[in-house]
Amino acid sequence: MLHPNLKSFNHTPHKKHYAEALLKTEFDEHQQLKERQLLLNNNKKIKQVQIQQNQKSEIFSSLDDIFDVQISPDNLPDNIKIKTEFERYIEDETKINKNMNVLIYWENNKKLYPTLFKIAQRILCIPSTNTSIERLFSDSGITITNRRSR
C-alpha cells in the first residue's frame, strides 16, 4: 500500500480493502497521537497567555472588532468536505520509475503526506526478504565455534 506503483492491487484486488484498512488504522493512530501532543502544547500556551493577561492590567480594544462586519450563520459556506492526507494518497495515481527507490519517493513527498511519510519510513525500512539475515546467522555460526579459540 505504501508503494505508489503497487497500491492499485491489480494482481490481488481482494486484498486491497484489507491493506487500506491496515494503513488507515496506522494513520489514525498517528493522527490521534499528534492531536494529543497538540492539545498538550495548546494547554501550555493557554496557561502562559492567561498568566500574561493577568500581569497586564490594561485592556486594549481592537479596531477590527469595531469595524468588521458580522457574518450571520445563514451566510456561512456549506460544510465542505476536506480530504485527509490518507484519502489524497489513495486517490493519487502517481507512478514512480521501476528503478527508483520507494524511500526516495517518500522523501520527495514528505511535505504532501507528512504522517504517511513517517509510517513509510518505519515500515519500509524492514527488508522484504530474510536472506541477508540468514547469511548473517550462517556467517556467525561459522565464526563462533568451540574449535575457534580467538
Side-chain angles (χ1 to χ4, degrees), residues 1-53 62-65 67-148 150:
M1 210 54 211
L2 290 171
H3 194 294
N5 294 357
L6 304 176
K7 69 181 175 184
S8 62
F9 281 78
N10 290 332
H11 299 292
T12 55
H14 58 282
K15 293 186 179 184
K16 182 177 182 177
H17 180 69
Y18 177 71
E20 279 183 11
L22 283 176
L23 185 58
K24 178 71 172 152
T25 302
E26 189 71 24
F27 179 81
D28 290 342
E29 288 175 9
H30 275 276
Q31 289 299 99
Q32 288 173 356
L33 180 63
K34 190 186 293 185
E35 287 172 5
R36 279 188 238 131
Q37 290 173 344
L38 284 174
L39 184 62
L40 288 173
N41 290 338
N42 286 341
N43 286 341
K44 289 179 185 177
K45 288 179 183 179
I46 289 171
K47 287 179 184 178
Q48 290 174 351
V49 168
Q50 288 173 346
I51 291 170
Q52 289 174 356
Q53 287 177 347
S62 170
L63 291 176
D64 294 337
D65 294 338
F67 293 109
D68 277 352
V69 178
Q70 297 278 338
I71 298 175
S72 69
D74 298 331
N75 294 338
L76 290 175
D78 293 338
N79 289 340
I80 300 170
K81 184 179 179 192
I82 299 172
K83 292 185 179 179
T84 64
E85 174 185 338
F86 178 79
E87 292 168 336
R88 284 181 303 175
Y89 173 71
I90 295 298
E91 292 174 2
D92 186 15
E93 295 182 6
T94 303
K95 302 291 183 191
I96 62 173
N97 188 348
K98 291 181 183 179
N99 298 328
M100 182 180 181
N101 186 341
V102 70
L103 291 174
I104 293 172
Y105 166 81
W106 282 107
E107 185 67 33
N108 294 339
N109 290 296
K110 69 181 172 184
K111 289 185 180 178
L112 187 59
Y113 309 115
T115 305
L116 290 173
F117 168 71
K118 290 177 185 176
I119 295 170
Q121 269 188 321
R122 199 181 85 237
I123 292 176
L124 295 175
C125 71
I126 302 168
S128 59
T129 63
N130 58 3
T131 55
S132 61
I133 196 71
E134 286 179 11
R135 285 189 200 121
L136 177 68
F137 280 123
S138 198
D139 288 343
S140 65
I142 294 169
T143 306
I144 304 170
T145 64
N146 291 335
R147 294 183 188 182
R148 195 167 182 153
R150 292 184 189 196

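- Between the CD atom of Glu107 and the CD1 atom of Ile104 there is a distance of 9.0 Å, given to the nearest 0.5 Å.
- With Val102 as the fixed residue, the side-chain contact (heavy atoms from CB on, under 4.5 Å) test singles out one of Leu6, Leu124, Asn5: Leu124.
- Atom CD of Glu85 sits about 4.5 Å away from atom CZ of Phe27, to the nearest 0.5 Å.
- Taking CD1 of Ile96 as the start and NE2 of His3 as the end, the distance is 4.0 Å to the nearest 0.5 Å.
- Around atom NZ of Lys15, no more than 12 heavy atoms belonging to other residues, nucleotides or ligands sit under 6.0 Å away.
- Side-chain contact annotation: Asn109 with Tyr89, donor-acceptor N/O pair under 3.5 Å absent.
- Between Lys95 and Ser8, the shortest heavy-atom distance links the atoms NZ-OG, 4.4 Å.
- Note that the CD atom of Glu29 and the NZ atom of Lys34 stand 14.0 Å from one another [nearest 0.5 Å].
- A salt bridge links Lys24 with Asp28; the closest basic N to acidic carboxylate O contact falls under 4.0 Å.
- Paired with Leu2 under the rule side-chain contact (heavy atoms from CB on, under 4.5 Å), one option of Tyr113, Phe117, Trp106 passes, and it is Trp106.
- Within the model, atoms CD of Glu87 and CG of Asp92 stand 13.5 Å from one another, a figure rounded to the nearest 0.5 Å.
- A distance of 6.0 Å separates CE in Met1 from CG in Leu23, rounded to the nearest 0.5 Å.
- Side chains of Arg88 and Leu112 form a contact here, defined as non-hydrogen atoms less than 4.5 Å apart.
- Counting heavy atoms of neighbouring residues, nucleotides and ligands inside a 6.0 Å radius, atom NZ of Lys7 exceeds 12 of them.
- A donor-acceptor pair is defined here as one N or O able to donate and one able to accept, closer than 3.5 Å; no such pair exists between the side chain of Glu26 and the backbone of Ile119.
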